[in-house]
Amino acid sequence: MAETNPEALQRQKQKKRVGLKPLTNAIDGGVVLRFAPNPNGPLTIGHARGIVINSEYARNYSGKVVLRFDDTDTRVKPPLPEAYAWISEEYEWLAGRPADITIIASERMPLYLNYAKQMIGDGFGYVCRCSASEFKKLRDQSRSCPCRERSVDDNLNDWESMIVGEIKEGGAVVRVKTNLELANPALRDWPALRIQHTPHPMVGDKYKVWPLLDFQSAIEDHLQGVTHIVRGKDLMDSTRKQTLLYEHFGWIYPETLYWGRVKVHEFGSFSTSQMRSSISEGDYSGWDDIRLPTLSALRKRGFDPKALKEFWIDLGLTQKDISISMQTIESFNSSIIDDKCERRSFVRNPVSFNIDKGELTSKIPESLLISRHPDELIEGERIWNLGSKIFVEQEDCVYTKIRLKDFADVFIEDGNAIIESMEKGDRRLIAHWIPEGMEINAVLHIPNGNDIELVHGLLENYEIKEGMIIQLERVGFAKIDEIQEDNLVSMIYLHG
RNA sequence: GCUCCUGUGGUGUAGUACGGUCCAUCAUUCCGGGUUUUCAUCCCGGCGACCCGGGUUCAAAUCCCGGCAGGAGCACCA
């Protein structure tokens, strides 16, 4: 080998590439990407991939991201008015900055209708009044439908009828003329706009003709100067259809990248419309119900956006259909939050004992100083005022001699905990406990598939605030969701 | 059925354009050990993969051909 190919010997051992693959045809400062969700509900964990990949590429190339609401369907997937603001906000939460440009398709209807008219006027689009099934039949045989041969003037007349609402829903569509011999039947004379008389939640009944995704998205990408489109590979045919349209208009289609289908083990398959109906039926408390795979739910549970970001970047962009596990995301999250989460004691199944100080009375302090983080990564201590009683987790009461963590060795007898020494004298069990007076009733909500498991106990009531994420010693990370007026703390379990 | 995409350990992922220390990278899971006055976190170690069959070549995860498997699209949804 040294003779045939000496360079081969120089080859280094491979390393894993970090970050996203470079984009083709990308100029620093000139990259425009877009993230285009349907505002028919808030974002899910799958959308997170789109936000992360697009915003990361924009960051890498000092480019821009257009947040575009593709809300041109009033009936099958009607937009949810509140969702627009949720999505903008969730985008910012994840990307770390707001989108550079925000576009709402339904506000830009005149533009799309104009291009449609131009398309008809220039003869590469036509109004088709065949039924969907009639058309499909002809299309599958590469035959043109009767409407295709009509004059531009006839088409423009029909177009006007569509626009003013004279033609019923389903009565006509506008098609883009393509080569009918195209190998892929799905691309032949594809539909660009259809009639919808159902009022749009945002703009009302102003428009009777609405563009379909392939048309609206194609026009808008051109208008915004999008240079790179990253989309699911289920939209590969969209790319092909849109490229045909671009050729008609004389435009250049953006670079396109794809990702495969993503399933999350813990959530199985789900859809926004499915969740929407389950929520309205009361199966879930709302879009942020902790059992749901929505971004709002993950956020409510206390996930750090950086964890999601690192996770999706590590996965990168592949066209493989994948099945991921929340465990991996949780692992990214742990490494990010562990250093900044304070520890608190949470005693489940508490058993109370009287403290018997015995002969050591004079040596026992009135309060203990306990570190906020075991590695001293967080300054200051938690102050535990000792009362006359303690609560110990029942599980730890199987022995008579135990050590109260960070405090003293005790001997348990007849409901009393008799202090034997402050120093750890032997290898006895270290018990989990909390002094009386420091406790507050708490309930931990653990999402578990379709259920929420409730774990009751006593939480260490030291500097707790709503919204803070702490690590419950022995249990795992949790978020203080609500401190109720009846002195009950509601907590949400994050992960171990 | 037609059109298209994808196959690297349990799960993901790097490497594949241009064949060569690649007996294959990294993470996660799992198993074992260690640290810890938390059963959490953390640290160390280990198991574990190039879909199959041919071909080209001194040399194939990488190139060619043929299979097989999985997925998507074929909506007047996005």
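Being a predicted model, the structure only gives us computed values, none of them experimental. We name chains A, B, ... by the order of the sequence lines, and we start the count at 1 in each one.
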Under 4.0 angstrom, heavy atoms only, what part of the nucleic acid is [X] near: base, sugar-phosphate, or nothing?
X	answer
A/Val173	base
A/Arg343	base
A/Ser131	base
A/Leu212	sugar-phosphate
A/Glu169	nothing
A/Leu315	sugar-phosphate
A/Ala132	base
A/Gln471	base
A/Asp396	base
A/Gly496	sugar-phosphate
A/Asp406	base
A/Arg17	sugar-phosphate
A/Pro185	sugar-phosphate

Which nucleotide in the list [options] gets nearest to the side chain of [X]?
X	options	result
A/Ser323	B/G12, B/C5, B/A78	B/G12
A/Arg261	B/U37, B/C26, B/G71	B/G71
A/Lys21	B/A14, B/U38, B/A78	B/A14
A/Lys77	B/C5, B/A75, B/C77	B/C77
A/Thr318	B/U13, B/A78, B/U37	B/U13
A/His265	B/A75, B/U8, B/U11	B/U11

>> Looking at A/Ser161 and A/Glu166, would you say the former's side chain and the latter's main chain have a donor-acceptor pair under 3.5 Å?
In response: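 No, A/Ser161 side chain to A/Glu166 backbone: no donor-acceptor pair under 3.5 Å.
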> Any sub-3.5 Å donor-acceptor pair from A/Arg139's side-chain atoms to A/Trp190's backbone N or O?
Replying inline: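 Side chain of A/Arg139 to backbone of A/Trp190, a donor-acceptor pair under 3.5 Å: no, none is there.
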>> Assess the residue pair A/Lys77 and A/Asp70 against the criterion (salt bridge (Lys or Arg N to Asp or Glu O under 4.0 Å)); give the C-alpha distance rounded to whole Å, side-chain angles, the decisive distance to 0.1 Å, and a yes or no.
In response: CA-CA 11 Å; A/Lys77 289 180 180 170; A/Asp70 281 348; over 6 Å; no
> Is the shortest side-chain N to carboxylate O distance from A/Lys405 to A/Glu473 below 4.0 Å?
Replying inline: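 Salt bridge present between A/Lys405 and A/Glu473.
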> Is the glycosidic torsion of B/A61 within 90° of 0, making it syn, or is it anti?
Replying inline: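 Base orientation relative to the sugar is anti.
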